[in-house]
Every structure is written in structure tokens, then in C-alpha cells.
Novice: 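Just dropping this structure here.
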Amino acid sequence: MNNLRYLITFLLFAFVLVSCRSRKKGEISTLKKVDPKVWVDEHTQSNADSVQVKHLHLDVTVDMDHKQIYGSALWTINNNHKQKELVLDTYDLTIDSVQVDGKMVGYNMDAPIRYLGNALRIPILENSTFVTIFYKTGAKARALQWLEPQQTHDKKFPFLYTQSESIYARSWIPCPDGPGIRFTYTARVTVPKGLMALMSAENTDVVNDTGIYHFRMTQPIPAYLMALAVGDITFKGIDDRTGVYAERGMIEKARWEFENVGIMVGSAEQLYGNYRWGRYDVLVLPPGFPIGGMENPRLTFLTPSVIAGDRSLVSLVAHELAHSWSGNLVTNATWNDFWLNEGFTNYFERRIMEQLMGENYSDMLWELGYQDLENTVIHLGPKHRDTWLKLDLKGRDPDDGLNDIPYEKGCHFLKMIEIAAGRDRFDRFLMKYFDANAFKTITTETFLNFMDTGLIKNDTILRKKLNIDEWVYGPGIPKNCPRAGNELFGKVDAERKKFLTGTQPEALLFVHWSAHEWLHFLRGMPDTITIAQMKLLDNAFKFSVTGNSEIADMWYLLSIRNNYTAAYPAMEKFLSTIGRRKFLEPLYSEMMRKPATEEMAKRIYNKYRLNYHPLAQESLDRIVLKTNSI
Ligand code: BES
Ligand code: ZN
């Protein structure tokens with residue numbers, strides 16, 4: 001038996017070797033030859049793809065004082081493949097007991113695997129239907145951020161929110177935690193009286209006086225879209241299907257900023273078909289939220305740093321909204337296919353912004369994105385494996401492989417196809433793609449096959465033009481990568497040049513510049529400029545005290561680089577109030593690059609570390625404290 005296994009392994013190995021060697025340029029890659037419908041998700045230990053997991057009923061209490069969620073997760077299953085056990089993912093959960101069809105059973109918890117957590121093994125029979133796990137969360141729950149009143153905007157009540165993507169749902173629910181496994185859910189959540197609870201589901205818009213909230217999500221979603229927030233939250237409608245949730249003291253500003261979200265949903269629908277999730281609301285979180293936004297179905301979670309006071313950063317909402325199609329409706333089967341979620345969404349986001357603001361505006365987004373792509377490739381190296389669209393995250397936390405490649409290389413790939421095929425033809429194809437794959441999880445290869453039969457067909461000239469293999473299974477930026485015309489940025493470049501050759505800032509032609517033009521103005525500064533020049537800019541344009549987080553972030557980067565110490569107090573304030581890793585990581589990294597600012601980085605980090613989300617702490621610990629906490 002063993003010998004046979006060795007022989008098969010050897011033959012397989014030899015086959016792969018031969019087929020790799022004999023691969024000529026332009027031939028389809030070996031990776032593409034695997035059955036696109038069969039995939040291995042390296043980041044879940046669950047077997048729920050073979051035991052059909054259909055529905056979750058969650059009945060939990062949120063204990064704000066002890067920073068713990070406890071209760072039960074009741075899974076409805078269909079064991080028609082006659083598995084002997086149901087394996088679920090858990091991370092730092094304490095399991096109190098397990099019942100199958102109402103009867104207590106013995107169960108096993110495997111030893112923990114670093115970021116994957118412990119597999120929970122529950123014995124089941126052929127006709128088992130209900131599996132209930134009684135559990136509580138641990139202190140190291142990576143999805144949860146428990147905020148003291150002091151860490152919220154209003155500073156009066158505690159706050160809790162979850163961030164389940166990519167593989168953190170398992171740290172607050174025992175679940176099959178892979179994007180390729182979908183289920184519907186209902187929930188009963190008990191919270192301290194007076195606080196509101198919200199989920200990625202049908203929500204209430206008023207605080208009730210029992211502290212018990214009921215939720216229902218009737219469309220199947222993967223575990224990474226499970227979400228919960230609890231706090232002193234209030235609601236203001238935008239139109240009859242959109243609205244804003246935020247802390248009381250934030251709601252007016254937030255409502256104003258998101259005035260056009262209702263129109264945005266309509267605009268997205270015009271592009272790729274009906275919005276299928278009923279309501280679209282957004283929730284503005286306290287400042288510690290580690291990312292810009294999270295596309296939790298029906299209820300996008302947002303950083304407050306998007307509220308610039310002038311609606312200049314709402315493309316972030318367009319992005320999260322676009323995920324209602326790309327990601328939530330058609331989902332990447334594994335984290336190696338992450339570009340299917342984020343590349344499509346970036347493309348879709350820019351199409352929405354083009355419809356709302358015009359082509360000149362969306363061209364700025366495209367150009368800034370191209371710059372991000374270029375910088376990421378330079379940073380990683382042009383041959384780096386992480387610059388392929390199809391990732392290989394085996395043996396790694398998907399969070400570690402997170403960079404701009406899936407986003408920017410992904411959306412530029414789609415833009416290139418749009419240009420080659422023609423916009424109308426490509427749009428018709430995408431509409432079909434979302435429709436045919438709605439509520440499904442797909443691999444990169446399924447998409448490529450779908451495109452082959454649905455778009456390229458017999459058009460060999462088009463196929464050749466696209467150069468798909470180089471994009472998907474190759475590194476760097478392919479030669480046919482499009483770059484947007486940049487009429488507006490051309491003007492910005494000219495003004496920057498004038499400044500660098502001695503023109504006073506006040507004499508520059510900057511009236512009506514948007515946040516993106518300012519961002520480009522700063523990004524294009526040479527590696528070093530003088531402190532006197534920094535001062536001139538600051539006096540004229542008040543960059544150190546800007547309310548726009550993107551501009552502030554870029555300005556503080558320049559300040560560290562050029563030893564412009566006058567901006568440091570404002571930067572410290574920024575670092576104390578913001579939780580977004582996109583801003584924190586570059587700033588701390590830049591400070592750590594030279595002795596003069598290294599000490600400052602450590603001092604500031606130690607002071608505000610606990611304000612940051614556990615995941616932000618993990619990556620910043622590595623940058624500032626040079627430790628590895630996981
Ligand atoms: N789904 C992502 C957030 C995410 C990705 C969380 C991977 C955890 C792991 C979300 O849609 C996103 O992309 N957010 C961006 C904003 C966007 C405008 C690029 C962010 O948070 O910066
Ligand atoms: Zn996204």
C-alpha cells in the first residue's frame with residue numbers, strides 16, 4: 001500500500017516536472033490545468049465542504065465588563081456524504097460542551113496551529129442534523145476590539161466590534177472559516193441595556209430596552225462576512241434603502257459626508273445589475289478601526305478617517321458597496337484568489353466614481369492606483385512571487401501576504417481587458433458573470449474559463465492581446481498594463497515643478513484642487529526637500545493640521561523624511577487618534593529608519609499601543625518593537 005503511494009507520488013512529481021519544463025511561452029500554465037471546481041483552502045481545517053453546513057443560529061451574550069462573548073452556536077448540517085466527524089475552526093475559544101441533536105457528545109480539540117487555531121472535532125452520524133457548541137471567547141481573540149469609553153468618539157460608553165476577514169471569524173464563533181463555505185444565519189444577541197447591537201444582517205434602527213437583539217441573514221455568506229458591533233450607536237436614514245449608523249456625537253457629520261450613498265447604490269446597479277441584499281447601510285466605527293472599510297453584507301463598517309468634511313474620500317464607500325457584487329455575491333474560493341474580490345472591487349469602485357464624478361476624477365484614482373502598484377512592485381522586487389495575481393499563501397497568515405497587488409494589479413488587469421475587448425462588450429460580460437456566479441465561490445481558474453467561453457470565444461486576436469498567463473501566473477507589471485491619461489495631474493506636476501524652482505506657494509495655481517490632486521502634489525516631491533521648503537508649504541497650505549487623513553499621512557511621511565520637526569506634535573496627535581494600518585505602518589516604519597526618529601517611534605507607540613486593534617498591534621510590534629507576538 002505504502003509503496004503504491006510512493007509510486008503515485010513519484011509519477012505525479014515527474015509529470016509536474018516534465019510539464020513545467022516543456023512549458024513554452026504563451027502556453028497555458030500547469031496551475032490552470034487543475035480542475036477549477038476543486039480547490040484546497042490552506043487556511044481552514046474545517047471539513048464543512050464535505051459535511052454540508054447550511055445554517056447557523058448564534059445565541060450569545062456580549063459581556064462588556066469582562067470583554068468576553070459567550071453562548072452557543074447551533075449549526076444545521078446535512079451529512080449526506082456520511083462523514084464521521086464535523087470539523088470546525090476555532091481560535092482561542094473555550095469550548096464548554098457540545099451537543100449533537102440535543103445529546104451531549106465527547107469532542108476533540110486539536111493542538112493549536114499558529115494562526116490557524118485549533119480544529120474542533122465533533123463526532124456525527126449519517127442523519128445528524130443539529131450541532132450545538134457552547135463556548136466563550138478568549139483574551140487573544142483576533143477579530144475583537146473591545147474599547148473603553150475613552151477610546152470611542154463620544155467617550156461615554158464601551159464599544160465592541162468584530163473584523164472577521166480574513167480568518168478571524170473563528171476567534172468569536174466556532175465555524176467553518178473558509179471563504180469557499182457559505183451558510184445563512186440567525187442570531188439572538190444580548191448586550192448591556194441602553195446599547196445597540198448591529199450585525200451583517202437585517203438590523204433594527206432603534207435602541208431597545210431589553211438589550212436583546214434578533215438578526216436574520218437569509219442569503220448564504222462565508223464566515224469572513226460575519227460581523228457584530230455593540231455601542232452607543234444611533235441611526236439616520238439617507239433614502240428608503242440606505243442610511244448611516246454612528247456614535248451619537250458623530251452622526252450629523254457622518255450623515256452629511258455620506259449624502260450621496262443612495263445615488264451611489266443606484267449608480268452601481270446601472271453598471272452590473274440589481275443590488276441583491278435589501279438595505280445598504282454604513283456604520284462609522286470609533287477611530288481604532290484597523291482598516292478603511294469592511295464590506296459586511298447590508299452594513300459596511302467604516303473608519304471615521306473617511307469623514308474629511310468635504311466628501312472627498314467617499315470612493316472608499318464606493319469600494320465597499322461594490323463588494324456587494326464582487327466578493328459578497330461572487331466570492332474568492334481561497335485567499336490565493338483574493339484578487340477576484342479586491343481587483344474586481346477596485347475596478348468596479350472606479351467605474352462608479354467615473355459615473356458620479358466624471359472621467360477626469362476617476363482617472364486620478366487610476367493614476368494614484370498605478371503609482372501604488374509600481375511602488376509595491378519596486379518594494380517587493382519585480383520577480384517576487386507575491387506579485388502574481390494568483391497568490392501562494394500556503395504556510396502563511398493571509399494577512400501577511402496582504403499588499404496592493406491583488407487590488408491594483410487586479411483592477412489594471414480588468415481595465416486592460418476592458419480596453420482590448422471594448423467597454424460595452426466587457427460590461428455585458430461582467431453583468432453575466434455576476435449573475436451566473438451569484439452566491440457562489442469561485443477560483444481564479446473558474447473566472448478564466450468563464451471569460452474564455454463568455455468573452456473571448458473564438459477571438460484569437462483578443463486572446464493573444466490579453467496575455468493572460470503573464471498577468472495571472474507571472475510577476476511584476478506586464479507590458480500591456482494600461483495607464484490612465486492624467487490631464488489634471490499634468491497640471492499638478494507643473495505647479496510642483498514651479499514650487500521646486502522657487503515660486504512662492506501662494507503663487508501656484510491650486511484653486512479647486514481636490515484631495516487627490518493635493519495627494520499627487522505631495523507624492524511627487526523629490527526624496528529630499530529642505531526644511532525651509534517644508535515650512536513654506538505648511539504655512540501656505542496648513543498640511544500639518546489638515547482634516548484629510550490621506551493628505552495628513554503623506555505629509556507626515558515627508559516630514560519624517562525631511563526632518564521637519566515642526567509637524568511632529570501634529571503627527572503624534574494623528575497617531576493617537578487613528579487606527580488604520582494603512583496609515584500607521586508607513587509612518588512607524590519611516591520613523592524606525594533612522595536613529596533620530598526611532599526613539600520617538602518607540603515612545604509614541606508605547607503610549608498608544610493599546611488604542612490600536614489587536615491585528616494592528618501584531619504588525620506594529622514587528623515594526624517598532626521588532627518582536628513577533630504570534
Ligand atoms: N475587504 C477589505 C478589507 C480587508 C482585506 C480586511 C483583507 C481584511 C483582510 C476592504 O474592502 C478593503 O479593501 N478596504 C480598504 C479600502 C479600499 C478603498 C481599498 C482598506 O481598508 O484600506
Ligand atoms: Zn475591498
Side-chain angles (χ1 to χ4, degrees), residues 43 115 142-143 145 161-169 171 177 179 200 221-227 264 268 282-285 287-297 299-306 308 312-332 334-353 362 365-366 368-369 372-373 376 391 393 396-411 414 515-516 519 549-550 553 578-586 613-616 618-619:
H43 297 103
Y115 45 86
R142 297 172 84 194
Q145 192 173 18
Y161 64 83
T162 64
Q163 169 53 38
S164 298
E165 193 178 13
S166 315
I167 54 166
Y168 313 119
S171 75
D177 196 4
S200 49
I221 60 166
Y224 80 88
L225 295 176
M226 292 297 302
M264 219 180 233
V282 300
L283 164 65
V284 179
L285 290 166
F289 192 50
I291 54 176
M294 179 63 213
E295 65 270 26
N296 297 316
L299 183 66
T300 283
F301 282 19
L302 287 178
T303 166
S305 70
V306 68
S312 60
L313 300 179
V314 292
S315 62
L316 197 144
V317 181
H319 178 97
E320 304 314 332
L321 167 67
H323 271 305
S324 309
W325 287 258
S326 43
N328 299 5
L329 209 55
V330 185
T331 308
N332 53 206
T334 75
W335 297 115
N336 290 337
D337 305 296
F338 189 50
W339 80 275
L340 288 179
N341 275 19
E342 298 301 342
F344 269 80
T345 298
N346 254 17
Y347 174 82
F348 196 167
E349 164 206 323
R350 287 172 196 167
R351 293 293 304 275
I352 295 173
M353 293 316 287
S362 61
L365 298 179
W366 278 108
L368 289 171
D372 289 336
L373 173 59
T376 309
L391 295 171
L393 297 170
R396 280 196 280 168
D397 186 339
D399 213 58
D400 290 344
L402 201 62
N403 59 42
D404 280 334
I405 296 293
Y407 288 83
E408 293 301 338
K409 189 172 175 181
C411 69
L414 297 174
H516 301 101
L519 203 56
S549 51
E550 295 278 351
D553 185 56
I578 222 118
R580 223 173 142 182
R581 288 199 293 183
K582 174 184 170 193
F583 297 146
L584 296 174
E585 288 174 15
H613 187 278
L615 292 173
E618 272 175 35
S619 46

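Order of listing sets the numbers, starting from 1, for every ligand and every atom in it.
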Novice: As an exercise, state the distance from CG of Asp404 to CG of Asp372, rounded to the nearest 0.5 Å.
Specialist: 5.0 Å
Novice: Do the non-hydrogen side-chain atoms of His319 and Asn346 ever get within less than 4.5 Å of each other?
Specialist: yes
Novice: Can you tell whether the side chains of Asp399 and Arg581 come within less than 4.0 Å, N to carboxylate O?
Specialist: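 Judged by the 4.0 Å cut-off on N to carboxylate O distance, Asp399 and Arg581 do form a salt bridge.
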Novice: In this structure, does ligand 1 have an atom that sits under 4.0 Å from one of the heavy atoms of Tyr224?
Specialist: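 Tyr224: no contact with ligand 1 (<4.0 Å).
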Novice: Is the shortest side-chain heavy-atom distance between Arg350 and Trp366 below 4.5 Å?
Specialist: yes
Novice: Return yes or no for this condition: an N or O of Asn346 is under 3.5 Å from an N or O of ligand 1.
Specialist: no
Novice: With the Zn ion (ligand 2) as the reference point, give the N/O/S atom of Glu342 that is nearest.
Specialist: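 Of all N, O or S atoms in Glu342, the Zn ion (ligand 2) lies closest to OE1.
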Novice: Say you draw a straight line from CD of Glu295 to CG of Leu321; how long is it, rounded to the nearest 0.5 Å?
Specialist: 11.0 Å
Novice: Out of all atoms in ligand 1, which are within 4.0 Å of some heavy atom of Ile291? Include the element for each.
Specialist: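 Numbered from 1, ligand 1 contributes 3 (C), 6 (C), 21 (O).
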Novice: Would you say Asp399 has any N or O atom under 3.5 Å from an N or O of ligand 1, going by distance alone?
Specialist: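 No, no N or O pair falls under 3.5 Å.
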Novice: By number and element, which atoms of ligand 1 are closer than 4.0 Å to a non-hydrogen atom of Tyr407?
Specialist: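 This gives 2 (C), 5 (C), 12 (C), 13 (O), 19 (C) as the contact atoms.
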Novice: Any idea which atoms of ligand 1 are less than 4.0 Å away from a heavy-atom of Arg580?
Specialist: 22 (O)
Novice: Purely on distance, is any nitrogen or oxygen of Glu165 under 3.5 Å from one on ligand 1?
Specialist: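 For ligand 1, there is an N or O atom that lies under 3.5 Å from one belonging to Glu165.
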Novice: Hey, can you tell me if Trp335 and Tyr224 have their rings parallel, tilted or perpendicular (30° and 60° cut-offs)?
Specialist: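 It falls in the perpendicular class, over 60°.
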Novice: Does Lys582 reach ligand 1 with a nitrogen or oxygen that is under 3.5 Å from one of the ligand's nitrogen or oxygen atoms?
Specialist: no
Novice: Which atoms of ligand 1 have any heavy atom of Glu320 under 4.0 Å away?
Specialist: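 Atoms satisfying the 4.0 Å criterion: 10 (C), 11 (O), 12 (C), 14 (N), 16 (C).
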Novice: Using a 4.0 Å heavy-atom cut-off, say whether Glu295 meets ligand 1 through its side chain, its backbone, both or neither.
Specialist: side chain
Novice: Say whether Glu342, considering both its backbone and side-chain N or O atoms, lies within less than 3.5 Å of an N or O atom on ligand 1.
Specialist: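 Yes, since at least one N or O of Glu342 sits under 3.5 Å from an N or O of ligand 1.
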Novice: So is there a nitrogen or oxygen of Gly292 less than 3.5 Å from a nitrogen or oxygen in ligand 1?
Specialist: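 By distance alone, the answer is yes.
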Novice: Does an N or O from Ser166, backbone or side chain, lie closer than 3.5 Å to an N or O of ligand 1?
Specialist: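 In fact, backbone or side chain, Ser166 has no N or O that close.
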Novice: Take Tyr161 and Phe301, measure what ring pair (Phe, Tyr, Trp, His ring centres under 6.0 Å) needs, and give me the verdict at the end.
Specialist: CA-CA 9 Å; Tyr161 64 83; Phe301 282 19; 7.1 Å; no
Novice: Please report the shortest heavy-atom distance between Ile221 and Leu225, naming the atom on each side.
Specialist: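 For Ile221 versus Leu225, the nearest heavy atoms are CD1-O, 3.9 Å.
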Novice: May I ask you to list the atoms of ligand 1 that are less than 4.0 angstrom from any heavy atom of Gln163?
Specialist: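 Here the atoms of ligand 1 in question are 6 (C), 8 (C).
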Novice: side-chain hydrogen bond (donor to acceptor under 3.5 Å, both in side chains) between Ser619 and Glu585: does it pass, once the steps are laid out?
Specialist: CA-CA 8 Å; Ser619 46; Glu585 288 174 15; 2.9 Å; yes
Novice: What is the nearest protein non-hydrogen atom to atom 7 (C) of ligand 1, stated with its residue, atom name and distance?
Specialist: Phe338 CZ, 3.5 Å
Novice: If you take all heavy atoms of Leu391 and Phe338, which pair is closest and at what distance?
Specialist: CD1-CB, 4.4 Å
Novice: Could you give the distance from CD (Glu349) to CG (Leu365), rounded to the nearest 0.5 Å?
Specialist: 6.0 Å
Novice: To the nearest 0.1 Å, how far is atom 10 (C) of ligand 1 from its closest protein heavy atom, and which atom is that?
Specialist: Gly293 O, 3.2 Å
